[in-house]
Peer 1: 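Can you keep this structure in mind? I'll have questions shortly.
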Amino acid sequence: MRLVLGIESSCDETAVALVTDDGRVLAERIASQEEAHRPFGGVVPELAARAHAERIGPMLQSVLADAGVELEAVDAIAATAGPGLIGGVMVGLVTGKALAFAANKPLWGVNHLEGHALSPRLVDRDLRFPYLLLLVSGGHCQLIAVEGVGRYRRLATTIDDAAGEAFDKVAKMLGLGFPGGPAVERAAVGGNPDAVPLPRPLVGSGEPHFSFAGLKTAVLRAVESGRYAVADIAASFQAAVTDCLSDRTRIALRATPDATALVVAGGVAANKAVRAALEAVAGEQALPFVAPPLRLCTDNAAMIAWAAQERIAAGHQPEEDPQARPRWPLDPAAEPVRGAGVKA
Ligand code: KG4
Ligand code: ZN
């Protein structure tokens, strides 16, 4: 049995997990920083880095204790090396380096996006390459053809905001608090998704890119008009995002005829309307729809440890002395798309 200790600290979750090569999570801890960031309505990078630094040591001890494993028995350390908020990434990566040095173990600097991309294989051992991944979180909105370990073809990204970011901003406009996604989903219950006429940016365009800035502005106008109930705005916004995600995914599936499945990952995959719509899109092509359990959809360390396990199993070697990277595209060959604020 090969054991990898994973560390994740790229955004506002501090996480540590111990994962075996056959995909068992022996122990796992996740500390969310929602409370710390709530007063600011979004993640404050400096606060996030401090919170990671405070928590990571005790969490490492707890995970090893929970699993009843000594550090010496771990075969490799895996830490997120990017993309993400640089202060937080540095905390986790440097911790990983220190552990690896002290225990004389190899260190894997893992791409956080690769963690998301391979996470479904941690729970679904039958999932074969290639598959189409829709990665929808607070920082990312991408369609990726996952062709193998370390082989990713980015088919689409957002030209402005990520979908989760749009949820968070709309929640703020509606006074629903942070994090916004779950709050908007709750507020949308009982609302009429057709009440507010909202745009579906880029729907129908031949390339499967995303854009949510125009939709967000339209929601702001609806809020300011004072004509609509909060539930109706929330439901209409959620329906618009869902339409965008399913239309873009449908286009990307046409470009990946050999895909064995449609997979969704990232925090927005927690949204029931989004999941249902994507399941329907997969169904149109008679493809299986794979949505990892929520704890694996949002940021976690099991997926980071698992990405290293996959790399080891595929015969890769760890990069020597990996550095923290704020940006780190999974597919370096992907062309940048129009719009400045392209997320990693
Ligand atoms: O993957 P994640 O935990 O962290 C990032 O890497 O960003 O995703 C967090 C994002 C936030 O923007 C949050 O509002 C959104 O996922 N989210 C949701 C829901 N739950 C979380 N969006 C829509 N509906 C939800 N139920
Ligand atoms: Zn993430």
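In each ligand, atom 1 is the first atom listed, and ligand 1 is the first ligand listed.
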Peer 1: Between Glu13 and Asn300, is the side-chain hydrogen bond (donor to acceptor under 3.5 Å, both in side chains) condition met? List the steps.
Peer 2: CA-CA 7 Å; Glu13 256 92 31; Asn300 66 88; over 6 Å; no
Peer 1: I need the single residue from Leu118, Leu113, Val146 that forms a side-chain contact (heavy atoms from CB on, under 4.5 Å) with Leu133. Which is it?
Peer 2: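 Looking at Leu118, Leu113, Val146, the match for Leu133 under the side-chain contact (heavy atoms from CB on, under 4.5 Å) is Val146.
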Peer 1: I need the atoms of ligand 1 closer than 4.0 Å to a non-hydrogen atom of Phe167, numbered in the order shown.
Peer 2: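 Matching atoms, with element in brackets: 22 (N), 23 (C).
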Peer 1: Taking N or O atoms only and a 3.5 Å limit, does Gly267 qualify as a polar contact for ligand 1?
Peer 2: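 Yes.
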Peer 1: Closest N/O/S atom of Asp299 to the Zn ion (ligand 2), by atom name?
Peer 2: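 Looking at Asp299, the N, O or S atom with the least distance to the Zn ion (ligand 2) is OD1.
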Peer 1: How close does the nearest protein non-hydrogen atom get to atom 22 (N) of ligand 1, and which residue and atom is it?
Peer 2: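 Looking at atom 22 (N) of ligand 1, the protein heavy atom closest to it is Gly181 CA, 3.3 Å.
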Peer 1: For ligand 1 and Gly164, I'd like to know whether there is a polar contact (N/O to N/O, distance under 3.5 Å).
Peer 2: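 Yes, there is a polar N/O contact under 3.5 Å.
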Peer 1: Can you name the nearest heavy-atom pair linking Leu47 to Ala36, along with the distance?
Peer 2: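 Taking every non-hydrogen atom into account, CD1-O, 3.9 Å.
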Peer 1: Atom 26 (N) of ligand 1: which protein heavy atom is closest, and how many Å away?
Peer 2: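 Answer for atom 26 (N) of ligand 1: Glu185 OE1, 2.7 Å.
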Peer 1: Quick one: does Asp299 get an N or O within less than 3.5 Å of an N or O on ligand 1?
Peer 2: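 Min N/O separation from ligand 1 is below 3.5 Å for Asp299.
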Peer 1: Does His140 bring an N, O or S atom to within less than 2.8 Å of the Zn ion (ligand 2)?
Peer 2: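 Here the distance criterion (N, O or S atom, under 2.8 Å) is not met by His140, so no.
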Peer 1: Which protein non-hydrogen atom lies closest to atom 13 (C) of ligand 1, naming both residue and atom, and how far is it?
Peer 2: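 Answer for atom 13 (C) of ligand 1: Asp168 OD1, 3.7 Å.
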Peer 1: Give, for atom CG of Asp232 and atom CG of Asn192, the distance between the pair rounded to the nearest 0.5 Å.
Peer 2: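 Reported to 0.5 Å precision, the distance equals 5.5 Å.
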Peer 1: Does any N or O of ligand 1 fall below 3.5 Å from an N or O anywhere on Asn271, backbone included?
Peer 2: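 Yes.
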Peer 1: Which word best sums up how the rings of Phe167 and Phe237 line up, parallel for under 30°, tilted for 30 to 60°, or perpendicular for over 60°?
Peer 2: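 It falls in the perpendicular class, over 60°.
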Peer 1: Do Thr298 and ligand 1 have an N or O pair less than 3.5 Å apart?
Peer 2: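 N/O-N/O distance under 3.5 Å: no.
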Peer 1: Look at His112 and state whether any of its N, O or S atoms is less than 2.8 Å from the Zn ion (ligand 2).
Peer 2: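 True for His112.
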Peer 1: Determine whether the side chains of Asp299 and His116 contain a donor N or O and an acceptor N or O closer than 3.5 Å.
Peer 2: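 Indeed, the side chains of Asp299 and His116 share at least one donor-acceptor pair under 3.5 Å.
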Peer 1: Ion pair present between Asp22 and Arg125, side-chain N to carboxylate O less than 4.0 angstrom?
Peer 2: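 No, this pair does not count.
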Peer 1: Pick one: which of Leu278, Leu155, Val281, Ile144 meets side-chain contact (heavy atoms from CB on, under 4.5 Å) with Leu134?
Peer 2: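 That would be Leu278.
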Peer 1: Flag the pair Phe40 / Phe178 as yes when their ring centroid distance falls below 6.0 Å, and as no otherwise.
Peer 2: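 No - the distance between ring centres of Phe40 and Phe178 does not fall below the 6.0 Å cut-off.
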Peer 1: Ignoring hydrogens, what is the shortest heavy-atom contact between Ala49 and Val91? Give both atom names and the distance.
Peer 2: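 Minimum heavy-atom contact is O-CG2, 3.7 Å.
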Peer 1: Tell me the protein heavy atom at minimum distance from atom 9 (C) of ligand 1, and give that distance in Å.
Peer 2: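 The answer is Gly138 N, 3.8 Å.
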Peer 1: Under 3.5 Å between any N/O of Gly266 and any N/O of ligand 1: does that happen in this structure?
Peer 2: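 For ligand 1, there is no N or O atom that lies under 3.5 Å from one belonging to Gly266.
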Peer 1: With heavy-atom distances below 4.0 Å as the criterion, list the atoms of ligand 1 near Gly139.
Peer 2: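 That gives atoms 7 (O) of ligand 1.
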